[in-house]
> 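This is the structure I have questions about; it appears just below.
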Protein chains: 2
Amino acid sequence: MQTELPPRERILDAAYELFSQRGIRDVGVEEVMVRSRVAKATLYRHFPSKDALVLAFLARREQRWTLGMVEAGARDRGRTPEERLLALFDVFDEWFHRDDFDGCSFVNVLLEMRWGHPLGRASIQYLENIRAIVRSMAEEAGLRDTDSFARSWHILMKGSIISAAEGDADAARRAQAMARALIEQHRRPQS
Amino acid sequence: MQTELPPRERILDAAYELFSQRGIRDVGVEEVMVRSRVAKATLYRHFPSKDALVLAFLARREQRWTLGMVEAGARDRGRTPEERLLALFDVFDEWFHRDDFDGCSFVNVLLEMRWGHPLGRASIQYLENIRAIVRSMAEEAGLRDTDSFARSWHILMKGSIISAAEGDADAARRAQAMARALIEQHRRPQS
DNA sequence: GGAGGGAGTAAGACCGGTCTGTCTCCTACC
DNA sequence: GGTAGGAGACAGACCGGTCTTACTCCCTCC
């Protein structure tokens, strides 16, 4: 039998599953405790408040989702920089078809908590980090106006995620088609 | 002095402001009561539950926002069918720059309540209604594959709304540029 | 026209449940 | 034996929803 993970890891694992699938307000700390088989005092020893736990969840989400699944997945699939950009939507396509598809936690938390709330602010920062990855890929591809490109690209990413949440599992393919046109319009030299 | 609106209207007005600006879970029925200057029994006489009140809010949101602001606004601004489609993002541009910009309530409620919950289901239906408007405009414009067109177009709409919620007030212009390319690709005959 | 009654409303007490967060008590292990 | 952790009671706040009380208005009927 495997040795059980230390309490802090169990808490973070449980929080990740619950928060990513069901959102923040719908999940109480007690549910996190039960799933991680941890006492309340232990949870509050490691995290001073629920908000702090959510912040830790968002950081883990960036590691696993933004960096692990999205960025690394796209970089693995494409050979050229442009292929890697487009592969972002291949990763999304596979993600949208998974039955445990859970949407973008950063968007979810932002809309659940709104601007102004610390968790909303943090989510905005993590979304900006995603745009930075796109921008860097666009620079590798030699595109022009990479900041504007990344913002437009991000519109396609977020819009397709919402559509997938509505039930359109093919939203990534539609977004990818528009993404191709966007690349075309950002090729040097000025068209 | 103007005569006060009947209680039901006062309740719906208060619910509209509160729910559209702050979401569902963050607003308690007591806050709706206070703002509408209505007693609790009165609220529960007109609406059997908070969920029923939220459903009424969503219906009013469709009337005011989907039909009143978005569709009517776009139809007023454009002369040709294609201009009317693109004018959707002119309406968005103005909306994004308003200081009381509140995002798309249907997306907000869907992400707050999730699939499965009756309010999430209702939101998905109202989002489908938006796509039906886009589809009908696309048919007027003589575009081909109008269902797929409307789904792609909707990705641009929702993505730009999320970007605006993040703080990018110019998201509508970026989406409009991609929208132009999308129209181009859906012109008859097959390009 | 005046009395009576019923419907609608305001104000708010109240109930059961849930939430976050604190605290106590006990066990196990190093 | 001291520290970390499990189990859970507890506090204080808030939630949705029910119910009571008192008042006002309007319709009706004599």
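The basis for the numbers below is simple: all heavy atoms, side chains too, and nothing from hydrogens, waters or symmetry mates. Numbers restart at 1 for each chain; the letters A, B, ... are given by sequence-line order, proteins then strands. A quick note: this is a predicted structure, and the numbers were derived from the prediction, not measured.
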> Scan the side chains in residues 118-127 of chain B for donor-acceptor partners under 3.5 Å anywhere in the protein, sequence neighbours excluded, and list what turns up.
unit_1, atom_1, unit_2, atom_2, d
B:Ser123, OG, B:Leu119, O, 2.9
B:Gln125, NE2, B:Asn129, OD1, 2.9

> Taking any atom closer than 4.0 angstrom to a non-hydrogen atom of chain B, what span of DNA chain C does the protein reach, first nucleotide to last?
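Counting from the 5' end, contacts occupy C:dT9 to C:dG12.
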> Under 4.0 Å from any atom of DNA chain D, heavy atoms only: list the residues of residues 28-49 of chain B that qualify, in numerical order.
B:Gly28, B:Val29, B:Lys40, B:Ala41, B:Tyr44, B:Ser49
> For B:Phe57, enumerate each residue passing the ring-ring contact (aromatic ring centres under 6.0 Å, His included) test, keeping only those at least two apart in sequence or located in another chain.
B:Tyr16, B:Phe19
> Tell me, which of residues 108-121 of chain A have any heavy atom that sits under 4.0 Å from an atom in DNA chain D?
none
> Name the nucleic acid region contacted by A:Arg25, choosing base, sugar-phosphate or nothing; use a 4.0 angstrom heavy-atom cut-off, strictly under.
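Result for A:Arg25 = nothing.
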> Please name all residues satisfying side chain to side chain contact (heavy atoms under 4.5 Å, CB included) with A:Ala171, sequence neighbours left out, ordered by chain then number.
A:Phe96, A:Ser160, A:Ser163, A:Asp168, B:Ile155
> Among side-chain atoms of B:His154 and B:Arg131, is any donor-acceptor pair under 3.5 angstrom?
yes
> Under the salt bridge (charged side-chain N to carboxylate O under 4.0 Å, His left out) rule, collect the residues that match up with B:Arg60, sequence neighbours excluded.
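Listed in chain order: B:Glu9, B:Asp13.
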> Listed by chain and number, what are the side-chain hydrogen bond (donor to acceptor under 3.5 Å, both in side chains) partners of A:Glu94, not counting sequence neighbours?
A:Arg77
> What pairs with A:Gln21 under side chain to side chain contact (heavy atoms under 4.5 Å, CB included), at least two apart in sequence or on another chain?
A:Asp100, A:Asp102
> Who are the salt bridge (charged side-chain N to carboxylate O under 4.0 Å, His left out) partners of B:Glu82, not counting sequence neighbours?
B:Arg187
> Once you apply a heavy-atom cut-off of 4.0 Å, does A:Arg8 come out as touching a base, just sugar-phosphate, or nothing?
nothing
> Applying side chain to side chain donor-acceptor pair (under 3.5 Å) as the test, list every pair that has at least one member in residues 40-53 of chain A; sequence neighbours left out.
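Found none.
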> The criterion is salt bridge (charged side-chain N to carboxylate O under 4.0 Å, His left out); which residues satisfy it with A:Glu83, sequence neighbours excluded?
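Residues passing salt bridge (charged side-chain N to carboxylate O under 4.0 Å, His left out) with A:Glu83: A:Arg79.
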